[in-house]
Every structure is written in structure tokens, then in C-alpha cells.
Number of protein chains: 2
Amino acid sequence: MSIQLLFGQNVRLAREKKGWSQDRLSDESGLHRTYISGIERGVRNPTIEIVQQVAVALDVDIQELFADLKVKASFYD
Amino acid sequence: MSIQLLFGQNVRLAREKKGWSQDRLSDESGLHRTYISGIERGVRNPTIEIVQQVAVALDVDIQELFADLKVKASFYD
DNA sequence: ATGTGACTATAAGTCCGTA
DNA sequence: ATACGGACTTATAGTCACA
């Protein structure tokens, strides 16, 4: 898995955990909505400045956005 | 402190911990020597792909390169 | 062995849409 | 509410000569 996809999925998880739409995260981070979409899909390769902007908006540590993805528990249920 | 400088200083710490020159890190990462220099000084704003390349070369977790910098123990010694 | 300014090619990031 | 495309501006990637 690419680092872009790992990052993107972690952003999506953190966003959904807050119950936010991409539009909402866009507003909070100051980044364009379509760009957020691209990040979450792993098709963008953001700079660390953008990473920080997203982390601040989501109120999470940058490190959390690079955390290894856990296999969903439901996979084993 | 900017995220670029935080990242850069963490890279420098990890590199020096291994006793590597910037030249050596350049070889190991495939990135140009002057680019490594720019990263460590915080004047570059690398993408997450570059971050991963550096982390792999230094054999550290990406998260370590975003760790809060500790005040040097020697400051209190 | 490292810092710096300058450079070109490429990608980041924005904004307009459509589905 | 999200994915995706095209066109656009700005910044980064990557490199060099020199201090």
C-alpha cells in the first residue's frame, strides 16, 4: 500500500469518526473539497504543510495520520 | 516552529544518530545531497512520498520524524 | 562535509464543471 | 454527499556551481 493511500484512509477514518462530510473538513482546513477527496482516495501526494493543516482541522496528531491501518474487526466476525 | 523545521530537525537527529553524513543519506535515499540539506534546514516542504523515502533510508518510522523535539538533556546537566 | 541561490520540469493545489 | 475530469496558477522536485 502506498503512503498516499495509507494517509488518505487515515484521514477518512478520522473525518468519519467526527461525523464530518468532506465539505466540512474542507471548510475547517481551508483546503478545496475536491482536493480532500483526492487525498482520501490516495491519488494526491500532499506536502507536510498540508498534512499539518489536515491534522489541525481534525484535531489529531500528525502521527495518527500515518498509523498502520488495522484490519477491520468485522473481517473476523 | 514550522512543521518543516520540526521534520528537518528530526531527520538531522536520526541521521547523526547513525553517524551518517548528508552525502551518505543522499546515497541511501536516492535524494540529492543539497535537497537533504534543504530538508534539514526546514527550507523545503517535502511531499509525503519524500518523507517515506527518508524514513526508509534512515530505518525509522515516519511517525518518529514528526515526533515532538525534546529539549536536550544537556540543557539541564 | 554542508549551506545557498538559481534554474527547469513536474506535481501540488484551486476552481470550474458533470454524474 | 462524493467521485472524477479538465484547465489553470503556484509550488515542489531535482540539479548545479559556488561559497
Side-chain angles (χ1 to χ4, degrees), chain A residues 1-67 69 72 74, chain B residues 1-67 69 72 74:
Chain A
M1 171 188 265
S2 72
I3 187 64
Q4 290 91 342
L5 205 51
L6 171 73
F7 176 73
Q9 295 194 5
N10 276 325
V11 168
R12 176 162 286 174
L13 284 174
R15 174 177 66 78
E16 290 178 340
K17 194 170 175 184
K18 296 180 82 83
W20 284 5
S21 67
Q22 289 181 348
D23 254 341
R24 175 70 186 275
L25 178 53
S26 170
D27 286 340
E28 300 280 348
S29 64
L31 297 166
H32 204 271
R33 185 185 62 76
T34 61
Y35 188 58
I36 297 289
S37 169
I39 283 177
E40 291 190 358
R41 284 177 289 127
V43 300
R44 289 289 189 162
N45 184 25
T47 62
I48 60 177
E49 191 168 21
I50 299 295
V51 168
Q52 190 189 33
Q53 270 182 259
V54 173
V56 167
L58 288 169
D59 193 30
V60 296
D61 286 341
I62 287 178
Q63 294 150 330
E64 187 174 328
L65 299 181
F66 288 106
L69 290 167
K72 288 186 184 175
S74 59
Chain B
M1 171 187 262
S2 72
I3 187 65
Q4 291 90 343
L5 205 52
L6 172 73
F7 176 73
Q9 295 194 4
N10 276 325
V11 168
R12 176 161 287 173
L13 285 173
R15 174 178 65 78
E16 291 178 340
K17 194 170 175 183
K18 296 178 82 81
W20 285 5
S21 66
Q22 289 182 350
D23 256 342
R24 175 71 187 275
L25 178 53
S26 169
D27 286 342
E28 300 281 348
S29 64
L31 297 167
H32 201 274
R33 181 188 67 75
T34 61
Y35 188 57
I36 298 290
S37 170
I39 284 178
E40 291 191 357
R41 283 177 290 123
V43 300
R44 292 283 192 163
N45 184 24
T47 61
I48 61 178
E49 191 167 21
I50 299 291
V51 168
Q52 190 189 34
Q53 270 183 260
V54 173
V56 167
L58 288 169
D59 193 30
V60 296
D61 287 340
I62 288 178
Q63 294 149 330
E64 187 175 327
L65 298 180
F66 289 106
L69 290 167
K72 288 185 182 172
S74 59

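Quick caveat, the model's predicted, so the values are computed rather than measured. In what follows, every chain begins at residue 1, and chains take the letters A, B, ... in the order their sequences are listed.
- Between Arg12(B) and dA1(C) there is no side-chain N or O to OP1 or OP2 distance below 4.0 Å.
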Quick one: what's the B/S/- string for nucleotides 8-19 of chain D, heavy-atom cutoff under 4.0 Å, read 5' to 3'?
----SBBBBB--
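- One atom, CD1 of Ile36(A), and another, P of dT2(D), lie 11 Å apart when rounded to the nearest Å.
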Starting at the 5' end of DNA chain D, write a dot or bracket for each base, bracketing those in Watson-Crick or G-U wobble pairs whose two distances are under 3.5 Å and using | for partners on another strand.
.|||||||||||||||||.
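- Contact between Arg33(B) and Asp23(B) at its shortest, heavy atoms only, is CD-OD1, 2.9 Å.
- In this structure, CD of Gln22(A) is placed 16 Å from P of dG13(C), rounded to the nearest angstrom.
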Can you check side-chain contact (heavy atoms from CB on, under 4.5 Å) on Val51(B) and Val51(A), steps first, answer last?
CA-CA 11 Å; Val51(B) 168; Val51(A) 168; over 6 Å; no
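- Asn10(B) is not listed as a side-chain neighbour of Glu64(B), based on a closest heavy-atom distance of 4.5 Å or more.
- Considering every non-hydrogen atom in both Ile3(B) and Glu49(A), the closest pair reads CG2-CA, 4.0 Å.
- Rounded to whole Å, atom P of dA11(C) lies 17 Å from atom CD1 of Ile39(A).
- Considering only side-chain N and O atoms, Ser37(A) lies nowhere under 4.0 angstrom from the phosphate OP1 or OP2 of dT2(D).
- No side-chain heavy atom of Val60(A) sits less than 4.5 Å from a side-chain heavy atom of Lys17(A).
- Atom CZ in Phe7(A) sits about 13 Å away from atom P in dA12(C), given to the nearest Å.
- Counting heavy atoms from C-beta on, the side chains of Arg44(B) and Ile50(B) never come closer than 4.5 Å.
- Side-chain contact check for Phe7(B) versus Ile39(B): some heavy-atom pair is nearer than 4.5 Å.
- Residue Gln4(B) comes nearest to Gly42(B) through the heavy atom pair CB-O, 3.5 Å, listed as atom of the first residue, atom of the second, then distance.
- Per the geometry, CZ belonging to Arg41(B) stands 6 Å off P belonging to dG3(C), to the nearest Å.
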